[in-house]
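As structure tokens, the structure follows; a few thoughts come after it.
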Amino acid sequence: MHKALIVLISFFAFVVSAFGQTKLSVHWEELTAGDFRTAIEQSHGTCLLPFGIIEKHGPHLPLGTDLLNVRYATLHAAEQEFAVVFPEYYFGQIFEAQQQPGTVAYSTHLQLELLQETTNEMARNGCKKVVIVNGHGGNESLLPFFAQTQLEKPRDYVVYVLGLVDTPPGGPQKKTTMDMHAGESETSAMMVSHPDLVHMDRAKNESGADQARLKLPDNLYTAIWWYARFPNHYSGDGSAATKELGEFKMKGWQDAIVNAIRAVKADQDSLRIQNEYFQKISHPLDTRP
């Protein structure tokens with residue numbers, strides 16, 4: 001019995017030595033300081049910033065739908081391809097929904113300053129590759145602009161932006177065509193990420209129809225376009241949602257994030273070229289073709 005116990009202890013010691021003492025959490029906030037150092041090394045300095053928002057999502061979904069969904073997809077992706085995931089972040093662009101209860105809309109300068117200081121702090125802590133994973137349509141203009149501003153002055157890290165990911169072809173057949181906000185697709189995703197927060201019995205309490213109150217060319221933009229079309233801040237019909245569509249949509253999203261993490265980890269060029277650029281901007285007259 002004693003000999004068998006020694007063999008068993010030796011076996012577990014080998015397993016611990018070979019595979020590490022514990023599996024590291026991908027949640028930034030769950031790591032100890034020492035484990036955080038290990039996580040940065042294991043992720044090769046690759047960190048994810050899932051970016052949501054706080055806004056109305058029809059009559060049946062929670063205010064944090066975008067935040068909840070993007071974190072669900074990002075955390076599951078990071079568990080497949082290890083990266084460190086920053087805590088809840090929802091300080092984005094949502095001026096078009098300020099008339100709805102529960103919306104939290106920060107000023108433009110604060111959105112940009114807070115995002116810059118956040119990525120700066122992430123980089124100071126070893127995240128030299130910061131991937132912002134967008135989960136909110138209202139951020140689709142904000143985030144590329146923010147990424148472009150990273151060329152304002154030299155930095156020792158690179159910001160990457162993964163925009164909204166289209167559901168791949170195939171999968172369950174959709175029942176609706178108008179499906180832009182809190183409709184069939186988004187509700188289906190919530191049925192997977194947080195089914196306990198979905199109130200399907202309320203999905204038809206309001207209209208998500210396009211009211212088409214503006215008559216302008218497609219390539220002529222004005223900020224009020226969304227409110228003019230969807231004053232209820234609801235586009236589509238959430239009652240058409242299914243868990244099967246949600247699972248297919250989430251799988252496609254997670255796969256795209258995993259691919260992004262792997263591409264960023266393998267990227268040895270962006271920071272080098274970025275540094276080359278900053279070396280040249282101080283003496284543009286010396287730059288030659």
Side-chain angles (χ1 to χ4, degrees), residues 50-71 88-115 132-148 161 163-167 174-191 193-194 197-241 249 253:
F51 200 144
I53 207 73
I54 303 296
E55 60 169 336
K56 178 185 177 182
H57 274 77
H60 61 296
L61 296 181
L63 296 167
T65 289
D66 287 347
L67 175 64
L68 295 169
N69 276 341
V70 73
R71 285 191 61 78
E88 278 82 355
Y89 196 95
Y90 53 87
F91 313 103
Q93 193 293 119
I94 190 56
F95 295 130
E96 64 272 24
Q98 292 181 93
Q99 85 283 12
Q100 297 291 351
T103 298
V104 179
Y106 294 92
S107 62
T108 305
H109 75 86
L110 183 58
Q111 292 173 40
L112 291 169
E113 289 172 10
L114 185 58
L115 188 53
I132 303 175
V133 183
N134 188 27
H136 167 59
N139 290 334
E140 283 289 270
S141 295
L142 171 70
L143 290 177
F145 174 73
F146 173 75
Q148 200 65 39
V161 173
L164 295 178
V165 174
D166 292 331
T167 303
K174 286 184 60 179
K175 306 169 190 173
T176 62
T177 53
M178 178 58 66
D179 183 28
M180 296 173 67
H181 181 71
E184 181 180 2
S185 294
E186 202 162 30
T187 303
S188 295
M190 277 298 293
M191 291 173 74
S193 69
H194 294 79
L197 300 179
V198 178
H199 304 277
M200 291 296 288
D201 57 314
R202 307 179 194 175
K204 285 188 173 294
N205 286 0
E206 297 174 7
S207 171
D210 186 351
Q211 298 192 18
R213 295 187 291 169
L214 284 181
K215 309 299 180 186
L216 296 172
D218 290 342
N219 59 352
L220 185 61
Y221 185 88
T222 181
I224 204 64
W225 77 271
W226 176 263
Y227 176 77
R229 293 181 63 181
F230 306 104
N232 293 330
H233 212 60
Y234 184 21
S235 169
D237 182 359
S239 70
K249 178 179 176 64
W253 198 358

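Note that the numbering runs from 1 along the sequence shown for the chain.
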Worksheet item: So His181 and His57, would you call those rings parallel, tilted or perpendicular, with 30° and 60° as cut-offs?
Response: tilted
Fill in: Between Thr176 and Glu184: side-chain donor-acceptor atoms closer than 3.5 Å
yes
Item to complete: May I ask you to check whether Gln99 and Glu96 show a side-chain donor-acceptor distance below 3.5 Å?
Response: no
Discussion item. Main chain of Ser185, side chain of Asp179: is a donor-acceptor contact present, judged purely on distance under 3.5 Å?
Written reply: yes
Practice prompt. For Ser235 and Gly208, indicate whether the former's side chain and the latter's backbone hold a donor-acceptor pair under 3.5 Å.
Written response: no
Worksheet item: Can you find a pair of side-chain heavy atoms, one from Phe51 and one from Leu143, that are under 4.5 Å apart?
Response: yes
Worksheet item: Do the side chain of His199 and the main chain of Asp201 share a donor and acceptor less than 3.5 angstrom apart?
Response: no
Item to complete: Assess whether atom CZ of Phe146 is packed by more than 12 heavy atoms of other residues, nucleotides or ligands within 6.0 Å.
Response: yes
Item to complete: Determine the minimum heavy-atom distance between Pro59 and Ala203, stating which atoms define it.
Response: CG-O, 4.0 Å
Response to the item:
Heavy atoms of Asn134 and Glu140 approach each other most closely as ND2-OE2, 2.7 Å
Worksheet item: What residues form a side-chain contact (heavy atoms from CB on, under 4.5 Å) with Ala209, not counting sequence neighbours?
Response: Ser207
Worksheet entry | Gap separating the CD atom of Gln211 from the CG atom of Asn232, nearest 0.5 angstrom | 6.5 Å
Item to complete: Taking the side chain as every heavy atom from C-beta outward, state whether Pro62 and His194 have any atom pair closer than 4.5 Å.
Response: no
Item to complete: In sequence, state the C-alpha distance, the side-chain angles, and the governing distance for Val104 and Ile94, and then conclude on side-chain contact (heavy atoms from CB on, under 4.5 Å).
Response: CA-CA 8 Å; Val104 179; Ile94 190 56; 5.9 Å; no
Discussion item. Ring of Tyr227, cation from Arg213 - is the NZ or CZ under 6.0 Å from the centre and inside 45° of the axis?
Written reply: yes
Worksheet entry | Closest heavy-atom pair and its distance - Met200, Gly238 | CE-O, 3.4 Å
Fill in: Phe91 and Tyr89 aromatic ring geometry - parallel, tilted or perpendicular at 30°/60° bounds
perpendicular
Worksheet entry | side-chain contact (heavy atoms from CB on, under 4.5 Å) partners of Ser107, counting only residues at least two apart | His109, Leu110
Worksheet item: If you draw a 6.0 Å radius around CZ in Phe145, do more than 12 non-hydrogen atoms from other residues or ligands fall strictly inside?
Response: no
Worksheet item: Rounded to the nearest 0.5 Å, what separation is found between the CG atom of Leu220 and the NZ atom of Lys215?
Response: 14.5 Å
Discussion item. Minimum heavy-atom separation for Val70 and Pro50, please, with both atom names.
Written reply: CG1-CB, 3.9 Å
Discussion item. The test is side-chain contact (heavy atoms from CB on, under 4.5 Å); show your working for Trp253 and Thr167 and say whether it passes.
Written reply: CA-CA 7 Å; Trp253 198 358; Thr167 303; over 6 Å; no
Worksheet entry | Rounded distance [0.5 Å steps], NZ in Lys249 versus OG in Ser188 | 8.5 Å
Practice prompt. Check whether any side-chain heavy atom of Tyr221 sits under 4.5 Å from a side-chain heavy atom of Leu216, and report yes or no.
Written response: no
Discussion item. Assess, by modelled atom type and distance only, whether the side chains of Asn69 and Glu186 contain a donor and an acceptor separated by less than 3.5 Å.
Written reply: no
Worksheet item: What are the two closest non-hydrogen atoms of Ile54 and Gly102, and how far apart are they?
Response: CG2-O, 3.3 Å
Item to complete: Nearest 0.5 Å please: distance from the CD1 atom of Ile53 over to the CG atom of Leu63.
Response: 11.5 Å
Practice prompt. Start with the C-alpha distance between Lys56 and Glu206, add both sets of side-chain angles, then the distance that settles side-chain contact (heavy atoms from CB on, under 4.5 Å), and finish with yes or no.
Written response: CA-CA 12 Å; Lys56 178 185 177 182; Glu206 297 174 7; 2.7 Å; yes
Worksheet item: Taking the six-membered ring for Trp, is the centroid-to-centroid distance between Tyr234 and His60 below 6.0 Å?
Response: yes
Practice prompt. Taking atom NZ of Lys204 as the centre, report whether more than 12 heavy atoms of other residues, nucleotides or ligands fall under 6.0 Å from it.
Written response: no
Discussion item. Run the side-chain hydrogen bond (donor to acceptor under 3.5 Å, both in side chains) test against Arg229 and tell me which residues pass, sequence neighbours left out.
Written reply: Asp210
Worksheet item: What are the two closest non-hydrogen atoms of Pro231 and Ala228, and how far apart are they?
Response: CD-O, 4.4 Å
Response to the item:
Distance col, row Gln93:CD vs Tyr106:OH, nearest 0.5 angstrom, shows 14.0 Å
Item to complete: Please report the C-alpha distance between Thr187 and Val198 in whole Å, then the side-chain angles of each, then the deciding distance to 0.1 Å, and finally whether the side-chain contact (heavy atoms from CB on, under 4.5 Å) criterion is met.
Response: CA-CA 8 Å; Thr187 303; Val198 178; 4.2 Å; yes
Worksheet item: Atom CG of Leu142 and atom CG of Leu115: how far apart are they, to the nearest 0.5 Å?
Response: 7.0 Å
